[in-house]
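First up is the structure itself, then whatever we jot down about it.
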Amino acid sequence: MYKRQLELLAEFADENEQVTFYKQGEWGDLCAGPHVDSTGEIGPVKLLEIAGAYWRGDEENPMQTRIYGTAFEDESDLENFLERKQEAEKRDHRRIGNEMNLFSIQDVTGPGLPLYHPPGKTVLKELEDFVEDLNQDAGYDYVETPHVFKTDLWHRSGHYENYADDMFIFDVGDDEFGLKPMNCPGHAAIFQDQSWSYRDLPIRYAENGKVYRKEQRGELSGLSRVWAFTIDDGHLFIRPDQIEQEVEEIMDMIIDVLETFDLEYEMALATRPEKSVGSDEIWEHAEEQLENVLEKRNLEYDIEEGDGAFYGPKIDFAFEDAIGRAWDGPTVQLDFNMPDRFDLSYVGEDNEEHEPVMIHRALYGSYERFFMMLIEHYEGKFPLWLAPEQVRVLPISDANLGYAYQVANEFDDFRVEVDDRDSTLERKIRAAHDDRVPYQIIVGDNEEEDGNISVRDRFEDQEYDVEIEDFHDHLVTERDEQRSEPDFLQ
RNA sequence: GCCUGGGUAGCUUAGCGGUAAAGCGCGUCCUUGGUAAGGACGAGAGCCCGGGUUCAAAUCCCGGCCUAGGCUCCA
């Protein structure tokens, strides 16, 4: 029963450290402390979770039961905390995803393998289009690669030796294949397929590439942690003298994306992990280049020791979700190893062969995780440009159905629906609100006679006698400017 | 993968040894309603899967799968 305490005492004895012991009534234990003098000093208490935890945080150790709780100075602070906690749960993307028919993850199709339903894919499609526009402007060329490769490729890239535990690998006849956990080897193979001059670089490849990683079962969670996900991937093949310029340009793209979604972000430099390929010199040089960019632009950043990819150091961006947790997403990774393994080269000004530098980058990170974050960030109330259903027309009675369809037709460049069910206006408004539709158009006899509409937004503001054209013009602007809230009535 | 809960109608849940329930949604009908739930009737359930205990299992036991919260790992 006191095995753990004895283990700790033995260690303290070895290190000649002072031992502290705390008592509370009849109960006592080793503790670094400090403790309150009496439990009476603790304010309102609420127990929150009960969970297993590895002894001293090591997977190899046995598990112990840990009880989580919180305490506040007075009752109202505790209530406040619990309310905010409940508020956060309301934003849960799994709950909203279900309510809005965005996606499902089903037993029959397997764990961590999300299915996107039409409304969810509509949002994803907008996200894809947005980043594709950015890529076009920045000189990227789109490529496409299969989901499966022979493991020869994974041996060559180093994934087999460093990443096989997380890969789906299977035999087909006498050959061994693996689902791709990353898109880079495929892109490297494309680059390798022809010869390049120093004048051609940088070469920038982009792909919305689906990848597969066999995460531990207990880690899977909604869209935030899955087995199959899509990266808005980009791989650059550049000359060493182009590093700083290219990294800077990518960082501008990332910041552009994050600001479009009004996201607070932080960045961090992740350095060499234990399991990695390449020489010390290569790693030091790579880390130095990234630091230079960060220093040069006077950006604040953390350093995450040993958190880099096995092929190179990276700059990771993190943003906050509704619960205030930070998620990884956008990333810029330098890679001095893949070019070596694939024997990549270009002919320099000196007519000699040189090795290009590779950059891996993603603006969203994975669509899945970014989508999840957006759902919670907006609580499902997407900006107009993202909303699965942008406008809903509500006829006051069946007599106005014809006019309702006529009006909807005027908005056929938007995602518009007519609520043609037999029910009261109140019910239709309620339903549109529950479905988080940004705008409702209400048409009755008055509107039909005047040839105009009434407009209502999801803030419950409304306006009568609106000209169809005026509202349509506004919608176009609001959508194209990617405004974050419906503002026709604001 | 490891601990502790949970899987019942399309959704949210009640029932916890003895004829499967409710609300929402859906269908039909009545109603034609002016800014956040009008009414009636109805359809809809292999009670996660496989074993076991019992006269009898959604309910108890064992195993598996999925899921939630943690732990450990990651986009």
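Letters A, B, ... are given to chains in the order of the sequence lines, protein chains preceding strands, and every chain is numbered from 1. Predicted model only: the values in this text are computed from it and were never measured.
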Listed nucleotide nearest any side-chain atom of A:L425, set B:A37, B:G34, B:C74
B:G34
Side-chain contact check for A:S397: nearest option of B:C71, B:U67, B:G33 is B:G33
Can you tell me which nucleotide in B:A68, B:U35, B:C74 comes closest to the side chain of A:Q462?
B:U35
Determine the interatomic distance between P on B:G38 and the same-named atom on B:C60; round to the nearest Å.
40 Å
Let's test your reading of the model: under 3.5 Å, does the base of B:A36 pair with the side chain of A:E460 as donor and acceptor?
yes
Any N or O donor-acceptor pair linking the side chain of A:E447 to the base of B:G34 at under 3.5 Å?
yes
For the residue pair A:Y265 and A:F317, does the interplanar ring angle fall in the parallel (under 30°), tilted (30 to 60°) or perpendicular (over 60°) class?
tilted
Spacing of the P atoms in B:U28 and B:A14 (rounded, Å)
32 Å
If we count only N and O atoms by modelled type, under 3.5 Å, do the side chains of A:Y367 and A:E128 hold a donor and an acceptor together?
no
Report yes if the ring of A:F229 lies under 5.5 Å from the six-membered base ring of B:A75 with planes under 30°, and no otherwise.
yes
Separation of atom CZ in A:R427 from atom C1' in B:G23, rounded to whole Å
12 Å
Taking the C1' atom in each of B:A40 and B:U31, what is the distance between them to the nearest angstrom?
11 Å
Just call it for A:Q216: base, sugar-phosphate, or nothing, with non-hydrogen atoms closer than 4.0 Å on any strand.
base
Say you pick atom C1' in B:G15 and the same atom in B:A22; how far apart are they, in whole Å?
11 Å
Any salt bridge linking A:R91 with A:E379? Criterion: basic side-chain nitrogen under 4.0 Å from a carboxylate oxygen.
yes
Scan every strand shown for a Watson-Crick or G-U wobble partner of B:C11, both distances under 3.5 Å, and answer none if you come up empty.
B:G23
Using the side-chain heavy atoms of A:H433, tell me which of these nucleotides is nearest: B:C73, B:U67, B:A36.
B:A36
Stepwise salt bridge (Lys or Arg N to Asp or Glu O under 4.0 Å) check, A:R415 with A:E126:
CA-CA 12 Å; A:R415 297 185 282 269; A:E126 291 291 349; 2.9 Å; yes
Would you mind classifying the nucleic acid contact of A:D166 as base, sugar-phosphate or nothing, using non-hydrogen atoms under 4.0 angstrom?
nothing
Across all strands shown, which nucleotide pairs with B:A58 by Watson-Crick or G-U wobble geometry, both distances under 3.5 Å?
none
Tell me whether the centres of the aromatic rings in A:F319 and A:F370 are closer together than 6.0 Å.
yes
Starting at the 5' end of RNA chain B and moving along, which residue's nearest nucleotide shows up first, A:M63 or A:R430?
A:M63
Where do A:R341 and A:S157 land on the side chain to side chain contact (heavy atoms under 4.5 Å, CB included) test, with the steps shown first?
CA-CA 6 Å; A:R341 288 183 158 263; A:S157 66; 5.5 Å; no
Does B:G44 pair with anything, Watson-Crick or G-U wobble, both distances under 3.5 Å, and if so, with which nucleotide?
none
If you compare every side-chain N and O of A:K428 against the phosphate oxygens of B:A37 (OP1, OP2), does one of them come in below 4.0 Å?
no
Side-chain donor or acceptor of A:R56 under 3.5 Å from a matching atom on the base of B:C71?
no
Rounded to whole Å, how long is the line connecting atom CD of A:E449 with atom P of B:G34?
15 Å
Testing B:U67, B:U35, B:A75 for proximity to the side chain of A:I105, the answer is B:U67
Under 4.0 Å, counting only non-hydrogen atoms across every strand here, what does A:L220 touch: a base, just sugar-phosphate, or nothing?
sugar-phosphate
Just checking A:E463: base, sugar-phosphate only, or nothing, at a heavy-atom cut-off of under 4.0 Å?
nothing
Between B:U31 atom C1' and A:D398 atom CG, what is the distance in whole Å?
10 Å
Classify the nucleic acid contact of A:V211 as base, sugar-phosphate or nothing, counting any heavy atom under 4.0 Å across all strands shown.
nothing
Gap between atoms CD1 and C1', on A:I67 and B:G5 respectively (whole Å)
14 Å
Using a cut-off of 4.0 Å on non-hydrogen atoms, how would the nucleic acid contact of A:K214 be classed: base, sugar-phosphate, or nothing?
nothing
Using a heavy-atom cut-off of 4.0 Å across all strands, would you classify A:N98 as base, sugar-phosphate, or nothing?
sugar-phosphate
Taking only side-chain N and O atoms of A:T424, does any of them lie within less than 4.0 angstrom of OP1 or OP2 on B:G38?
yes
Indicate, with a heavy-atom threshold strictly under 4.0 Å, whether A:Y364 touches base, sugar-phosphate, or nothing.
nothing
Among B:G34, B:C74, B:G25, the one nearest any side-chain atom of A:I396 is B:G34
Could you tell me how the ring of A:F177 sits relative to the ring of A:F170: parallel (under 30°), tilted (30 to 60°) or perpendicular (over 60°)?
parallel
The side chain of A:E59 lies closest to which of these nucleotides: B:U72, B:C71, B:A75?
B:U72
If you measure from the P atom in B:U72 to the same atom in B:G10, how many Å do you get, rounded?
39 Å
Does A:R94 have a side-chain nitrogen or oxygen under 4.0 Å from the phosphate oxygens OP1 or OP2 of B:U67?
no
Between the base of B:C74 and the side chain of A:R369, is there a donor and acceptor pair under 3.5 angstrom?
yes
Would A:D316 and A:K314 pass as an ion pair if we require N to O under 4.0 Å?
yes
Passing candidate, side-chain hydrogen bond (donor to acceptor under 3.5 Å, both in side chains) with A:T151, options A:E176, A:R156, A:H159
A:E176
Between A:E426 and A:R430, is the closest basic N to carboxylate O distance under 4.0 Å?
no
Which part of the nucleic acid does A:Q106 contact within heavy-atom distance under 4.0 Å: base, sugar-phosphate only, or nothing?
nothing
Distance in angstrom units between A:L394 CG and B:A36 C1', rounded
12 Å
Separation of B:C73 atom P from A:Y163 atom OH, nearest Å, is 15 Å
Please tell me which of A:N446 and A:E219 maps to the more 5' nucleotide of RNA chain B, matching each residue to the nucleotide holding its nearest heavy atom.
A:N446
What contact category does A:Y464 fall into here, base, sugar-phosphate, or nothing, at under 4.0 angstrom with non-hydrogen atoms?
base
If we take the C1' atom in both B:G42 and B:A75, what is their distance in whole Å?
49 Å
Can you identify which nucleotide, out of B:A36, B:U31, B:A75, has its nearest atom closest to the A:D422 side chain?
B:U31
Could you check whether A:T331 gets within reach of a base, just the sugar-phosphate, or nothing at all, counting any heavy atom under 4.0 Å?
nothing
Which part of the nucleic acid, if any, lies within reach of A:R421 when heavy atoms closer than 4.0 Å are counted: base, sugar-phosphate only, or nothing?
sugar-phosphate
Going by purine N1 to pyrimidine N3 plus the second Watson-Crick contact, or the G-U wobble pair, all under 3.5 Å, which nucleotide sits opposite B:C73?
none
Could you give the CE-to-C1' distance, from A:M372 to B:A75, as a whole number of Å?
11 Å
For atom P, what is the distance between B:C74 and B:G6, given to the nearest Å?
32 Å
Assigned partner base of B:U31, Watson-Crick or wobble definition, under 3.5 Å
none
Tell me whether the side-chain N/O atoms of A:R66 come closer than 4.0 Å to OP1 or OP2 in B:C71.
no
Which whole number of Å gives the distance between the P atom of B:A57 and that of B:G51?
13 Å
Is B:A68 paired to anything, Watson-Crick or G-U wobble with both distances less than 3.5 Å, and if yes, which nucleotide?
B:U4
